[in-house]
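Below is one structure, written out as C-alpha cells; comments come after it.
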Amino acid sequence: MKHLVVGGSGQVGSALIDALVRREQTVVGTYLSHPVVGQVPLDMRQSDAIRKIVQEIQPDVIWVPGALPDVDRCEVDTDLSEAVNVRGPIALGDLAASREIPLVYFSSDYVFDGENGPYRETDPTHPIQVYGQHKVKAEEALLQYENTLVIRPAWIYSQEPNPRNFVYRIASELQKGHTVKAADDQYNTPTPSTGLAVRAVDAWLGGYRGILHLVGPERLSRLELVARIAQILGYDHPNIEVVHVGDLALPAKRPLNGGLITNASQFAIDERLEDLDFRQILTGH
Ligand SMILES: NC(=O)c1ccc[n+]([C@@H]2O[C@H](COP(=O)([O-])OP(=O)(O)OC[C@H]3O[C@@H](n4cnc5c(N)ncnc54)[C@H](OP(=O)(O)O)[C@@H]3O)[C@@H](O)[C@H]2O)c1
C-alpha cells in the first residue's frame with residue numbers, strides 16, 4: 001500500500017515513515033521548511049498543492065502529523081493556526097473522503113482543559129487555548145468521515161538531536177550550564193515518538209477508527225520529567241529551578257492536571273524514557 005505522510009519532516013512524521021517502511025509499506029513524506037532527502041515539498045495551506053500531490057501520488061492512506069504545534073505561536077497568530085491546524089487537515093480529509101481512502105490525523109491532549117486528567121477517549125473536550133480549540137475543530141470535521149482515525153498523543157519526545165525534541169532542548173541547556181525552569185504544577189503523560197508511531201501503525205493496520213489516545217506509560221509533572229531526563233543524561237547536580245506554570249507568563253494557557261489514558265489498552269505504549277538511547281543527543285552538540 002502507498003502512504004502519504006503530510007509533515008514527514010517532523011518529529012512524529014519521521015518516526016511514522018520509519019514504522020511504515022519497517023512494515024513493508026510504500027511511503028511518500030512531505031516537508032515544509034525542513035527539506036528531507038526523498039521527501040516532497042507541500043504547504044497544506046494551499047488547496048491546489050494538496051490536490052496536485054494527491055493526484056500525483058495516488059495514496060491508499062493519508063497520514064497528517066503535519067501541524068503548527070507551537071501552542072504560544074498559535075495563541076498570537078490565530079490566522080496561521082487556523083490555516084495550518086484546521087483548514088489544511090480538513091482539506092486533506094475532504095480529499096481522502098472523495099477518494100474513499102482513510103485518513104489518520106494527529107490531534108493533541110490539549111483538547112482537554114486539564115482540570116481533571118488523565119482523560120479517556122470518551123471524555124468531553126474543553127480546550128482552553130487557540131491551539132486546542134483548533135485541534136477540536138479539525139477533529140470534529142474529520143470524524144464526520146467514518147474512515148478517519150484521530151490519534152491524540154501528549155508531550156512527545158524522541159532520540160533526535162533536534163530542537164523540536166524537548167529532551168534535546170533540556171540536554172542543551174544543562175550542557176551549557178544554564179538553569180532549566182520546570183513547573184511542578186503541570187502534569188502530563190510523556191510520549192516517545194517511536195512507540196507512538198509503532199502503535200499508530202498497529203491501530204491503522206488493525207482497522208481501528210475513531211479517537212485513540214496513544215501515550216507513554218507514566219504521568220509526570222514537568223519538574224519530575226526534567227529531573228528524570230537530567231538523571232538519565234548523567235547530571236548529578238542539574239540546575240533546575242522549580243516554578244509554577246503561572247510564573248512563566250506564557251501566551252497560551254496550559255492544561256495543568258492533564259494527561260491521557262486509553263480505553264484501547266491493546267495499544268498502550270510501554271516504552272519509558274529509560275528505554276531510549278540518548279547517546280546521540282549528548283554527542284550531537
Ligand atoms: N510535540 C508534542 O509534544 C505534541 C503533543 C501532542 C500532540 N502533538 C501533535 O502531534 C503532531 C506531530 O507533532 P510533532 O511533534 O511531530 O511536530 P513537528 O516536529 O513540529 O512537525 C510538524 C510537521 O508539520 C510540518 N508542517 C508545518 N506547517 C505545515 C504546513 N503549512 N503544511 C505542511 N506541513 C507543515 C512541518 O514541516 P517542516 O518541519 O518541514 O516545516 C513538520 O513536518 C502534531 O499534530 C501536533 O499537534 C504534538
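Residue numbers start at 1 and run along the sequence shown. Just so you know, these numbers come straight off a predicted model, no measurement behind them. When a ligand or atom number is given, it counts from 1 through the structure's own listing order.
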**Prompt:** Where on Lys135 is there a heavy atom closer than 4.0 Å to ligand 1, on the side chain, on the backbone, on both, or on neither?
**Reply:** side chain

**Asked** Leu68 to ligand 1: N or O pair under 3.5 Å?
**Response** no

**Prompt:** Are any of the heavy atoms in Asp43 under 4.0 Å away from ligand 1?
**Reply:** yes

**Message:** Is it the case that the ring center of Phe278 lies less than 6.0 angstrom away from the ring center of Tyr168?
**Reply:** no

**Asked** If we only count N/O pairs under 3.5 Å, is Met44 in contact with ligand 1?
**Response** yes

**Item:** Pi-cation contact, Trp155 with Arg222 (under 6.0 Å, within 45°)
**Value:** yes

**Part of Arg164 within contact of ligand 1 (heavy atoms, under 4.0 Å)** = side chain

**Heavy-atom side-chain contact between Cys74 and His134 under 4.5 Å** = no

**Request:** Would you check the N or O atoms of Ser108, main chain and side chain alike, for any that come under 3.5 Å of an N or O of ligand 1?
**Result:** no

**Prompt:** In terms of residue, atom name and distance, what is the protein heavy atom nearest to atom 27 (C) of ligand 1?
**Reply:** Ala67 O, 3.2 Å

**Numbered atoms of ligand 1 (with element) below 4.0 Å of Gly66, judged on heavy atoms** = 23 (C), 24 (O)

**Message:** Just to be sure I'm reading this right: ignoring hydrogens, which of Val111, Val5, Leu42 gets closest to atom 34 (N) of ligand 1? Compare them by their nearest heavy atoms.
**Reply:** Leu42

**Message:** Which residue and atom name correspond to the protein heavy atom nearest atom 43 (O) of ligand 1, and how close is it?
**Reply:** Ser9 OG, 2.8 Å

**Request:** Please confirm whether Pro69 comes within less than 3.5 Å of ligand 1 when only nitrogen or oxygen atoms on both sides are compared.
**Result:** no

**Asked** With only distance considered, is Val84 within less than 3.5 Å of ligand 1 through an N or O on each side?
**Response** no

**Prompt:** Of the choices Tyr157, Trp155, Tyr105, which has the non-hydrogen atom that lies closest to atom 5 (C) of ligand 1?
**Reply:** Trp155

**Complete:** Within 4.0 Å of some non-hydrogen atom of Tyr31, the atoms of ligand 1 are 40 (O)

**Request:** Examine Tyr131 against ligand 1 and note whether any of their N/O atoms are separated by less than 3.5 Å.
**Result:** yes

**Message:** Test your reading of the structure: does Gly7 have an N or O sitting under 3.5 Å from an N or O of ligand 1?
**Reply:** yes

**Message:** If you count every heavy atom of other residues, nucleotides or ligands that lies below 6.0 Å from Gln266 atom CD, does the total exceed 12?
**Reply:** yes

**Nitrogen or oxygen atoms of Val6 and ligand 1 under 3.5 Å apart** = no

**Fill in**
Residue, atom and distance of the protein heavy atom nearest atom 3 (O) of ligand 1 read Ile156 N, 2.8 Å

**Request:** For ligand 1, note which part of Ser107 has a heavy atom under 4.0 Å away: side chain, backbone, both or neither.
**Result:** backbone

**Message:** Starting from atom 35 (C) of ligand 1, what is the nearest protein heavy atom, named by residue and atom, and what distance separates them?
**Reply:** Leu32 CB, 3.9 Å

**Request:** Measure the distances from the heavy atoms of Pro65 to every atom of ligand 1 and state whether one is below 4.0 angstrom.
**Result:** yes

